[in-house]
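Have a look at the structure below before the remarks.
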Amino acid sequence: MKILIVGGGGREHALAWKLAQSPSVKQIVASPGNPGIAQLATCVPAPAEVAGYAEIAKAHAIDLTIVGPEAPLVAGIVDEFYRHRLKIIGPTQAASRLEGSKLFAKEFFARAGIPTARSGASLDEFSFPVVIKADGLASGKGVIIAQDRQQAESAIQKLGPRVVIEEFLEGEEVSFIGISNGRMLLPFAPTQDHKRLLDSDEGPNTGGMGAYCDARILTSKQSGEIMERIMLPAIRQMRQEGTPFTGFLYAGLMMTADGPKILEFNVRLGDPETQALMHSFRGDFAEVLSMMVTGTGAVSGGAWASPSVCVVLAAAGYPDNPRTGDVIAGIPEAEATGAVAFHAGTRRDGDHLVTAAGRVLGVTAGGATLEQAIHNAYQAVEQIHFAGMQYRKDIGQKGLRRWSQS
Ligand code: AMP
Ligand code: GLY
(Lines give C-alpha, C1' and ligand atoms only; values in the text may rest on other atoms or scores of the structure.)
(Ligands and ions follow the chains in the order given, each with its own letter.)
Protein backbone atom coordinates (compact mmCIF):
# COMPACT_ATOMS: atom_id res chain seq x y z
CA MET A 1 0.00 0.00 0.00
CA LYS A 2 1.18 3.53 -0.83
CA ILE A 3 0.04 6.25 1.53
CA LEU A 4 -0.10 10.01 1.09
CA ILE A 5 0.01 12.10 4.26
CA VAL A 6 -1.20 15.67 3.89
CA GLY A 7 0.52 18.05 6.29
CA GLY A 8 3.92 18.74 7.73
CA GLY A 9 3.81 18.99 11.51
CA GLY A 10 4.49 16.80 14.50
CA ARG A 11 1.18 14.98 14.13
CA GLU A 12 2.03 14.04 10.54
CA HIS A 13 5.53 12.95 11.51
CA ALA A 14 4.05 10.66 14.17
CA LEU A 15 1.63 9.19 11.60
CA ALA A 16 4.46 8.62 9.12
CA TRP A 17 6.56 7.01 11.87
CA LYS A 18 3.80 4.60 12.85
CA LEU A 19 2.73 3.80 9.29
CA ALA A 20 6.33 3.17 8.23
CA GLN A 21 6.29 0.27 10.73
CA SER A 22 3.27 -1.38 9.03
CA PRO A 23 4.20 -4.45 6.96
CA SER A 24 1.52 -3.51 4.40
CA VAL A 25 2.89 -0.01 3.78
CA LYS A 26 5.38 0.01 0.91
CA GLN A 27 5.81 3.73 0.45
CA ILE A 28 4.82 6.99 2.11
CA VAL A 29 4.55 10.33 0.35
CA ALA A 30 4.01 13.48 2.39
CA SER A 31 2.97 16.94 1.24
CA PRO A 32 4.64 19.11 2.30
CA GLY A 33 6.22 16.93 4.99
CA ASN A 34 9.19 18.23 6.98
CA PRO A 35 12.82 17.21 7.61
CA GLY A 36 11.77 14.55 10.14
CA ILE A 37 9.17 13.06 7.82
CA ALA A 38 11.74 13.14 4.98
CA GLN A 39 13.65 10.37 6.79
CA LEU A 40 10.63 8.09 6.26
CA ALA A 41 8.84 9.42 3.21
CA THR A 42 9.11 11.20 -0.11
CA CYS A 43 8.22 14.83 0.51
CA VAL A 44 6.59 16.95 -2.19
CA PRO A 45 5.73 20.65 -1.85
CA ALA A 46 2.18 21.51 -0.86
CA PRO A 47 0.07 22.61 -3.83
CA ALA A 48 -1.66 25.98 -3.81
CA GLU A 49 -5.15 24.45 -4.06
CA VAL A 50 -6.59 21.24 -2.62
CA ALA A 51 -7.10 19.93 -6.18
CA GLY A 52 -3.32 19.69 -6.37
CA TYR A 53 -3.29 16.90 -3.76
CA ALA A 54 -5.39 14.72 -6.05
CA GLU A 55 -2.78 15.26 -8.77
CA ILE A 56 -0.05 14.20 -6.33
CA ALA A 57 -2.04 11.10 -5.35
CA LYS A 58 -2.43 10.11 -9.01
CA ALA A 59 1.18 10.85 -9.93
CA HIS A 60 2.44 8.62 -7.10
CA ALA A 61 -0.21 5.89 -7.53
CA ILE A 62 -1.35 6.43 -3.93
CA ASP A 63 -3.78 3.87 -2.49
CA LEU A 64 -4.90 5.85 0.53
CA THR A 65 -4.56 9.47 1.66
CA ILE A 66 -4.83 10.74 5.21
CA VAL A 67 -5.12 14.38 6.13
CA GLY A 68 -3.52 15.90 9.21
CA PRO A 69 -4.62 19.53 9.49
CA GLU A 70 -8.12 20.97 9.34
CA ALA A 71 -7.51 23.62 6.67
CA PRO A 72 -7.49 21.29 3.62
CA LEU A 73 -10.53 19.44 5.02
CA VAL A 74 -12.47 22.67 5.43
CA ALA A 75 -11.32 23.61 1.89
CA GLY A 76 -12.87 20.43 0.48
CA ILE A 77 -9.97 18.05 -0.13
CA VAL A 78 -12.15 15.01 0.57
CA ASP A 79 -14.86 16.08 -1.89
CA GLU A 80 -12.14 16.62 -4.48
CA PHE A 81 -10.72 13.12 -3.92
CA TYR A 82 -14.21 11.58 -4.13
CA ARG A 83 -14.72 13.30 -7.50
CA HIS A 84 -11.55 11.58 -8.72
CA ARG A 85 -12.53 8.26 -7.09
CA LEU A 86 -9.44 8.38 -4.90
CA LYS A 87 -9.48 6.87 -1.41
CA ILE A 88 -9.06 9.32 1.43
CA ILE A 89 -9.74 9.38 5.15
CA GLY A 90 -11.37 12.58 6.34
CA PRO A 91 -14.68 14.42 6.43
CA THR A 92 -16.23 16.20 3.46
CA GLN A 93 -16.35 19.97 3.39
CA ALA A 94 -19.92 19.89 4.67
CA ALA A 95 -19.03 17.59 7.56
CA SER A 96 -15.94 19.68 8.37
CA ARG A 97 -18.18 22.55 9.46
CA LEU A 98 -18.26 20.80 12.82
CA GLU A 99 -14.82 22.29 13.42
CA GLY A 100 -14.79 25.18 10.95
CA SER A 101 -17.59 27.12 12.64
CA LYS A 102 -18.17 27.37 16.40
CA LEU A 103 -21.67 28.75 15.77
CA PHE A 104 -22.56 25.78 13.55
CA ALA A 105 -21.10 23.43 16.17
CA LYS A 106 -23.14 24.90 19.02
CA GLU A 107 -26.36 24.53 17.01
CA PHE A 108 -25.35 21.01 16.05
CA PHE A 109 -24.78 20.00 19.71
CA ALA A 110 -28.32 21.19 20.45
CA ARG A 111 -29.85 19.26 17.52
CA ALA A 112 -27.98 16.10 18.51
CA GLY A 113 -28.74 16.49 22.21
CA ILE A 114 -25.04 16.47 23.10
CA PRO A 115 -24.24 17.98 26.53
CA THR A 116 -22.25 21.22 26.26
CA ALA A 117 -21.71 24.56 27.99
CA ARG A 118 -24.79 26.80 28.00
CA SER A 119 -24.36 29.58 25.45
CA GLY A 120 -26.14 32.84 24.79
CA ALA A 121 -26.18 36.06 22.83
CA SER A 122 -25.53 38.57 25.61
CA LEU A 123 -23.09 38.88 28.49
CA ASP A 124 -26.06 39.67 30.75
CA GLU A 125 -27.01 35.98 30.73
CA PHE A 126 -23.75 34.89 32.42
CA SER A 127 -21.74 35.21 35.59
CA PHE A 128 -17.94 35.38 35.49
CA PRO A 129 -15.63 33.90 34.39
CA VAL A 130 -17.26 33.64 30.98
CA VAL A 131 -15.86 32.13 27.79
CA ILE A 132 -15.75 34.04 24.48
CA LYS A 133 -14.94 32.16 21.27
CA ALA A 134 -14.27 33.42 17.77
CA ASP A 135 -16.47 31.72 15.17
CA GLY A 136 -13.83 30.61 12.64
CA LEU A 137 -10.69 28.46 12.73
CA ALA A 138 -8.10 29.87 15.12
CA SER A 139 -5.74 26.98 16.03
CA GLY A 140 -6.95 26.98 19.63
CA LYS A 141 -6.08 30.65 20.00
CA GLY A 142 -9.54 32.11 19.40
CA VAL A 143 -10.84 31.45 22.93
CA ILE A 144 -10.70 34.00 25.72
CA ILE A 145 -11.70 33.28 29.30
CA ALA A 146 -12.82 36.62 30.72
CA GLN A 147 -12.74 37.11 34.46
CA ASP A 148 -14.93 40.21 34.49
CA ARG A 149 -17.16 42.32 32.31
CA GLN A 150 -14.39 44.60 31.12
CA GLN A 151 -12.26 41.67 29.94
CA ALA A 152 -15.30 40.14 28.29
CA GLU A 153 -16.11 43.32 26.39
CA SER A 154 -12.57 43.76 25.14
CA ALA A 155 -12.51 40.06 24.12
CA ILE A 156 -15.64 40.58 22.05
CA GLN A 157 -14.01 43.61 20.43
CA LYS A 158 -10.85 41.66 19.70
CA LEU A 159 -12.57 38.55 18.29
CA GLY A 160 -15.11 40.39 16.15
CA PRO A 161 -18.87 40.28 15.82
CA ARG A 162 -19.28 36.54 15.18
CA VAL A 163 -18.54 35.10 18.62
CA VAL A 164 -19.96 32.42 20.87
CA ILE A 165 -20.45 33.40 24.52
CA GLU A 166 -20.71 30.47 26.90
CA GLU A 167 -20.56 29.47 30.53
CA PHE A 168 -17.22 28.49 32.04
CA LEU A 169 -17.04 24.77 32.80
CA GLU A 170 -14.91 23.31 35.56
CA GLY A 171 -13.27 19.91 35.43
CA GLU A 172 -10.54 17.84 33.84
CA GLU A 173 -10.07 18.39 30.14
CA VAL A 174 -9.78 15.19 28.08
CA SER A 175 -9.18 14.59 24.37
CA PHE A 176 -11.28 11.70 23.10
CA ILE A 177 -10.46 10.73 19.53
CA GLY A 178 -11.85 8.01 17.30
CA ILE A 179 -12.12 7.08 13.66
CA SER A 180 -15.47 6.77 11.91
CA ASN A 181 -16.71 5.40 8.61
CA GLY A 182 -19.94 7.36 8.90
CA ARG A 183 -21.82 4.66 10.80
CA MET A 184 -19.62 3.41 13.60
CA LEU A 185 -16.75 4.86 15.55
CA LEU A 186 -13.66 3.11 16.79
CA PRO A 187 -12.38 4.96 19.87
CA PHE A 188 -8.68 5.42 20.54
CA ALA A 189 -7.12 5.68 23.98
CA PRO A 190 -7.85 8.88 25.93
CA THR A 191 -5.24 11.62 26.01
CA GLN A 192 -4.73 14.93 27.76
CA ASP A 193 -3.29 18.00 26.09
CA HIS A 194 -1.63 20.90 27.92
CA LYS A 195 -2.88 24.00 26.12
CA ARG A 196 -1.39 26.75 28.26
CA LEU A 197 2.15 27.92 27.62
CA LEU A 198 3.47 27.68 31.19
CA ASP A 199 3.64 25.13 33.99
CA SER A 200 0.56 24.67 36.19
CA ASP A 201 -1.67 25.75 33.29
CA GLU A 202 -0.59 29.38 33.45
CA GLY A 203 0.00 31.80 30.60
CA PRO A 204 -1.67 32.12 27.20
CA ASN A 205 -3.41 29.33 25.26
CA THR A 206 -1.29 27.64 22.61
CA GLY A 207 -1.80 24.95 19.99
CA GLY A 208 -0.69 22.48 22.70
CA MET A 209 2.52 22.24 24.73
CA GLY A 210 2.46 18.52 25.34
CA ALA A 211 0.21 15.52 25.76
CA TYR A 212 0.13 12.16 27.38
CA CYS A 213 -1.75 8.97 26.76
CA ASP A 214 -2.80 6.71 29.62
CA ALA A 215 -5.81 4.41 29.75
CA ARG A 216 -6.49 5.58 33.31
CA ILE A 217 -7.45 9.09 32.15
CA LEU A 218 -11.00 7.69 31.89
CA THR A 219 -12.73 4.87 33.70
CA SER A 220 -14.51 2.42 31.42
CA LYS A 221 -17.79 3.86 32.70
CA GLN A 222 -16.71 7.35 31.65
CA SER A 223 -15.58 6.12 28.22
CA GLY A 224 -18.92 4.41 27.78
CA GLU A 225 -20.74 7.60 28.72
CA ILE A 226 -18.69 9.61 26.22
CA MET A 227 -19.47 7.12 23.45
CA GLU A 228 -23.20 7.00 24.27
CA ARG A 229 -23.83 10.68 24.95
CA ILE A 230 -21.35 12.41 22.67
CA MET A 231 -19.55 10.42 19.98
CA LEU A 232 -22.31 8.16 18.71
CA PRO A 233 -25.01 10.87 18.81
CA ALA A 234 -22.70 13.05 16.70
CA ILE A 235 -22.16 10.27 14.15
CA ARG A 236 -25.90 9.51 14.07
CA GLN A 237 -26.92 13.16 13.72
CA MET A 238 -24.40 13.83 10.95
CA ARG A 239 -25.74 10.87 8.99
CA GLN A 240 -29.34 11.98 9.53
CA GLU A 241 -28.52 15.44 8.26
CA GLY A 242 -27.13 14.00 5.04
CA THR A 243 -23.52 14.84 5.86
CA PRO A 244 -22.15 11.58 7.25
CA PHE A 245 -18.95 12.01 9.20
CA THR A 246 -16.00 9.99 7.98
CA GLY A 247 -12.50 10.32 9.34
CA PHE A 248 -11.03 11.20 12.70
CA LEU A 249 -13.43 12.76 15.15
CA TYR A 250 -11.81 14.50 18.09
CA ALA A 251 -13.92 15.55 21.04
CA GLY A 252 -12.41 18.14 23.36
CA LEU A 253 -14.26 17.34 26.57
CA MET A 254 -14.65 18.77 30.02
CA MET A 255 -15.29 16.07 32.62
CA THR A 256 -17.61 18.08 34.86
CA ALA A 257 -19.41 17.10 38.04
CA ASP A 258 -22.47 16.58 35.77
CA GLY A 259 -20.61 14.23 33.46
CA PRO A 260 -18.74 14.77 30.20
CA LYS A 261 -19.54 17.93 28.23
CA ILE A 262 -18.26 18.81 24.79
CA LEU A 263 -16.12 21.93 24.39
CA GLU A 264 -15.50 21.37 20.71
CA PHE A 265 -15.26 18.78 18.00
CA ASN A 266 -12.24 18.75 15.76
CA VAL A 267 -12.55 16.91 12.47
CA ARG A 268 -9.01 15.58 12.56
CA LEU A 269 -6.44 14.09 14.88
CA GLY A 270 -5.06 16.25 17.66
CA ASP A 271 -1.59 17.74 17.73
CA PRO A 272 0.26 16.85 20.02
CA GLU A 273 -2.16 14.09 21.12
CA THR A 274 -1.34 12.06 18.00
CA GLN A 275 2.35 11.93 18.89
CA ALA A 276 1.45 10.27 22.22
CA LEU A 277 -1.21 8.05 20.62
CA MET A 278 1.02 6.75 17.84
CA HIS A 279 3.83 6.10 20.27
CA SER A 280 1.58 4.05 22.52
CA PHE A 281 -0.22 2.12 19.76
CA ARG A 282 0.79 -1.49 19.30
CA GLY A 283 -0.62 -2.88 16.10
CA ASP A 284 -0.85 -2.23 12.40
CA PHE A 285 -2.24 1.28 12.11
CA ALA A 286 -2.49 1.01 8.31
CA GLU A 287 -4.81 -1.93 8.83
CA VAL A 288 -7.06 0.09 11.12
CA LEU A 289 -7.20 2.80 8.45
CA SER A 290 -7.92 0.53 5.51
CA MET A 291 -10.59 -1.44 7.35
CA MET A 292 -12.32 1.85 8.06
CA VAL A 293 -12.27 2.75 4.38
CA THR A 294 -13.41 -0.59 3.00
CA GLY A 295 -15.82 -1.29 5.85
CA THR A 296 -14.76 -4.93 5.80
CA GLY A 297 -13.60 -7.08 8.64
CA ALA A 298 -14.03 -6.59 12.31
CA VAL A 299 -12.24 -3.41 13.24
CA SER A 300 -10.28 -4.16 16.32
CA GLY A 301 -8.69 -1.33 18.20
CA GLY A 302 -5.23 -2.79 18.31
CA ALA A 303 -3.68 -2.16 21.65
CA TRP A 304 -2.83 1.03 23.46
CA ALA A 305 -0.08 -0.62 25.34
CA SER A 306 1.54 1.54 27.96
CA PRO A 307 1.57 5.24 28.78
CA SER A 308 3.41 7.73 26.57
CA VAL A 309 4.32 11.38 26.92
CA CYS A 310 5.01 14.06 24.31
CA VAL A 311 6.80 17.24 25.41
CA VAL A 312 6.62 20.08 22.90
CA LEU A 313 9.72 22.23 22.49
CA ALA A 314 8.62 25.65 21.31
CA ALA A 315 10.51 28.55 19.76
CA ALA A 316 11.37 31.82 21.48
CA GLY A 317 8.39 34.15 21.29
CA TYR A 318 5.78 31.40 20.89
CA PRO A 319 2.78 31.69 20.76
CA ASP A 320 2.53 35.38 19.85
CA ASN A 321 5.56 35.95 17.71
CA PRO A 322 7.76 32.87 17.28
CA ARG A 323 11.34 33.46 16.21
CA THR A 324 12.69 31.17 13.50
CA GLY A 325 16.17 30.26 12.27
CA ASP A 326 17.69 29.10 15.58
CA VAL A 327 20.03 26.11 15.16
CA ILE A 328 18.77 22.89 16.77
CA ALA A 329 21.30 20.51 18.36
CA GLY A 330 21.09 17.20 20.17
CA ILE A 331 18.38 15.23 18.37
CA PRO A 332 20.60 12.14 17.83
CA GLU A 333 21.55 12.19 21.54
CA ALA A 334 17.88 12.55 22.50
CA GLU A 335 16.88 9.64 20.29
CA ALA A 336 19.73 7.52 21.66
CA THR A 337 17.80 7.45 24.95
CA GLY A 338 14.99 5.59 23.16
CA ALA A 339 12.69 8.58 22.68
CA VAL A 340 11.50 9.92 19.32
CA ALA A 341 11.83 13.59 18.40
CA PHE A 342 8.90 14.28 16.11
CA HIS A 343 9.54 17.32 13.94
CA ALA A 344 6.88 20.01 14.01
CA GLY A 345 8.50 23.23 12.85
CA THR A 346 11.99 22.52 11.56
CA ARG A 347 13.82 23.30 8.34
CA ARG A 348 17.17 22.39 6.83
CA ASP A 349 19.55 25.28 6.40
CA GLY A 350 22.75 23.99 4.80
CA ASP A 351 24.16 21.44 7.22
CA HIS A 352 22.01 22.68 10.07
CA LEU A 353 18.54 21.94 11.25
CA VAL A 354 16.87 25.18 12.35
CA THR A 355 13.60 26.25 13.94
CA ALA A 356 10.91 27.11 11.40
CA ALA A 357 7.69 27.60 13.39
CA GLY A 358 6.31 28.09 16.89
CA ARG A 359 6.17 24.44 17.87
CA VAL A 360 9.52 22.95 16.87
CA LEU A 361 9.73 19.38 18.15
CA GLY A 362 7.55 16.91 20.05
CA VAL A 363 9.85 14.72 22.12
CA THR A 364 7.93 11.53 22.81
CA ALA A 365 8.68 8.52 24.97
CA GLY A 366 6.87 5.60 26.53
CA GLY A 367 7.30 3.72 29.76
CA ALA A 368 5.84 0.90 31.79
CA THR A 369 4.15 3.52 33.95
CA LEU A 370 3.24 7.16 33.35
CA GLU A 371 5.93 8.18 35.80
CA GLN A 372 8.50 6.24 33.80
CA ALA A 373 7.25 7.69 30.50
CA ILE A 374 7.56 11.23 31.91
CA HIS A 375 11.08 10.47 33.11
CA ASN A 376 12.05 9.04 29.73
CA ALA A 377 10.63 11.97 27.78
CA TYR A 378 12.39 14.60 29.91
CA GLN A 379 15.66 12.72 29.84
CA ALA A 380 15.55 13.03 26.05
CA VAL A 381 14.42 16.68 26.19
CA GLU A 382 17.53 17.55 28.20
CA GLN A 383 19.69 16.52 25.26
CA ILE A 384 18.16 19.05 22.88
CA HIS A 385 19.14 22.69 22.61
CA PHE A 386 18.23 25.74 20.60
CA ALA A 387 18.34 29.41 21.52
CA GLY A 388 15.17 30.52 23.25
CA MET A 389 13.77 26.99 23.62
CA GLN A 390 10.60 26.94 25.76
CA TYR A 391 8.89 23.90 27.19
CA ARG A 392 6.72 22.89 30.10
CA LYS A 393 8.32 20.88 32.86
CA ASP A 394 5.06 19.36 34.07
CA ILE A 395 3.62 17.40 31.14
CA GLY A 396 1.72 14.42 32.53
CA GLN A 397 1.93 15.61 36.14
CA LYS A 398 -1.81 16.20 36.34
CA GLY A 399 -2.30 12.48 35.73
CA LEU A 400 0.23 11.51 38.37
CA ARG A 401 -1.36 13.87 40.88
CA ARG A 402 -4.84 12.52 40.27
CA TRP A 403 -3.85 8.89 40.62
CA SER A 404 -1.74 9.38 43.70
CA GLN A 405 -4.84 10.81 45.39
CA SER A 406 -7.13 7.91 44.53
P1 AMP B 1 -11.77 25.27 22.25
O2 AMP B 1 -11.06 25.85 21.07
O3 AMP B 1 -13.25 25.46 22.22
O4 AMP B 1 -11.37 23.85 22.57
O5 AMP B 1 -11.22 26.08 23.51
C6 AMP B 1 -9.84 26.16 23.80
C7 AMP B 1 -9.62 25.98 25.27
O8 AMP B 1 -10.34 26.93 26.04
C9 AMP B 1 -10.13 24.64 25.76
O10 AMP B 1 -9.18 23.66 25.57
C11 AMP B 1 -10.40 24.92 27.22
O12 AMP B 1 -9.21 24.84 27.98
C13 AMP B 1 -10.86 26.33 27.22
N14 AMP B 1 -12.33 26.38 27.17
C15 AMP B 1 -13.11 26.46 26.08
N16 AMP B 1 -14.41 26.49 26.39
C17 AMP B 1 -14.48 26.43 27.74
C18 AMP B 1 -15.56 26.43 28.68
N19 AMP B 1 -16.83 26.53 28.30
N20 AMP B 1 -15.25 26.35 29.99
C21 AMP B 1 -13.95 26.27 30.39
N22 AMP B 1 -12.90 26.28 29.56
C23 AMP B 1 -13.14 26.35 28.23
N1 GLY C 1 -4.17 19.57 20.71
C2 GLY C 1 -5.23 20.40 20.30
C3 GLY C 1 -5.58 20.26 18.90
O4 GLY C 1 -5.06 19.51 18.11
O5 GLY C 1 -6.46 20.97 18.50
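Predicted model, so just to flag it, every value in this text is computed and none were measured. Both ligands and their constituent atoms are indexed starting at 1 by order of listing. Hydrogens, waters and symmetry mates are skipped; everything else that's a heavy atom, side chains included, is used.
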Over 60° means perpendicular and under 30° means parallel, so tell me whether F108 and F104 are parallel, tilted or perpendicular. parallel
Decide if the gap between the ring center of F188 and the ring center of F176 is smaller than 6.0 angstrom. no
Answer yes or no: is there a side-chain heavy-atom contact under 4.5 Å between L186 and V288? yes
G270 to ligand 2, any heavy atom closer than 4.0 Å: yes
Subset of ligand 2 atoms that lie under 4.0 Å from at least one heavy atom of N266: 5 (O)
Rounding to 0.5 Å, atoms CZ (F342) and CG (L313) come to a distance of 13.0 Å
Checking heavy-atom distances from atom 7 (C) of ligand 1 to each of V164, N205, I145, the winner is N205
Using a 4.0 Å heavy-atom threshold (strictly under), name the region of L169 that reaches ligand 1: side chain, backbone, both or neither. both
Please determine if D193 has a nitrogen or oxygen closer than 3.5 Å to a nitrogen or oxygen of ligand 2. yes
Backbone or side-chain N or O of R11 under 3.5 Å from ligand 2 N or O: no
Is there a donor-acceptor contact under 3.5 Å from the side chain of S24 to the main chain of S22? no
Of all the heavy atoms in P272, does at least one lie under 4.0 Å from an atom in ligand 2? yes
Backbone, side chain, both or neither: what part of K133 comes under 4.0 angstrom of ligand 1, heavy atoms only? side chain
Cation-pi geometry met for K393 and Y391 (6.0 Å, 45°): yes
Inter-residue atom distance I132.CD1 - K158.NZ, 0.5 Å rounding: 12.0 Å
Of all the atoms in ligand 1, which lie at a distance below 4.0 Å from a heavy atom belonging to V131? 16 (N), 17 (C), 18 (C), 19 (N), 20 (N)
Any sub-3.5 Å donor-acceptor pair from N34's side-chain atoms to T346's backbone N or O? no
Going by heavy atoms, is M254 under 4.0 Å from ligand 1? yes
Residue among E99, E273, E12 satisfying salt bridge (Lys or Arg N to Asp or Glu O under 4.0 Å) with R268: E99
Cationic N near anionic O, under 4.0 Å, D201 to K195: no
Is there a donor-acceptor contact under 3.5 Å from the side chain of H279 to the main chain of C213? no
Relative to the heavy atoms of K195, which atoms of ligand 1 are at a distance of less than 4.0 Å? 10 (O)
Just need the protein heavy atom nearest to atom 5 (O) of ligand 2, so name the residue and atom and give the distance. R268 NH2, 2.8 Å
Atom indices of ligand 1 within 4.0 angstrom of A117 heavy atoms, with elements: 19 (N)
If the cut-off is 4.0 Å to any non-hydrogen atom of E166, which atoms of ligand 1 fall inside it? 16 (N), 17 (C), 18 (C), 19 (N)
4.0 Å heavy-atom contact, K261 with ligand 1: no
Does an N or O anywhere in K195 fall below 3.5 Å from an N or O of ligand 2? no
Less than 4.0 Å is my threshold; does some heavy atom of G207 fall inside it relative to ligand 2? yes
4.0 Å heavy-atom contact, K102 with ligand 1: yes
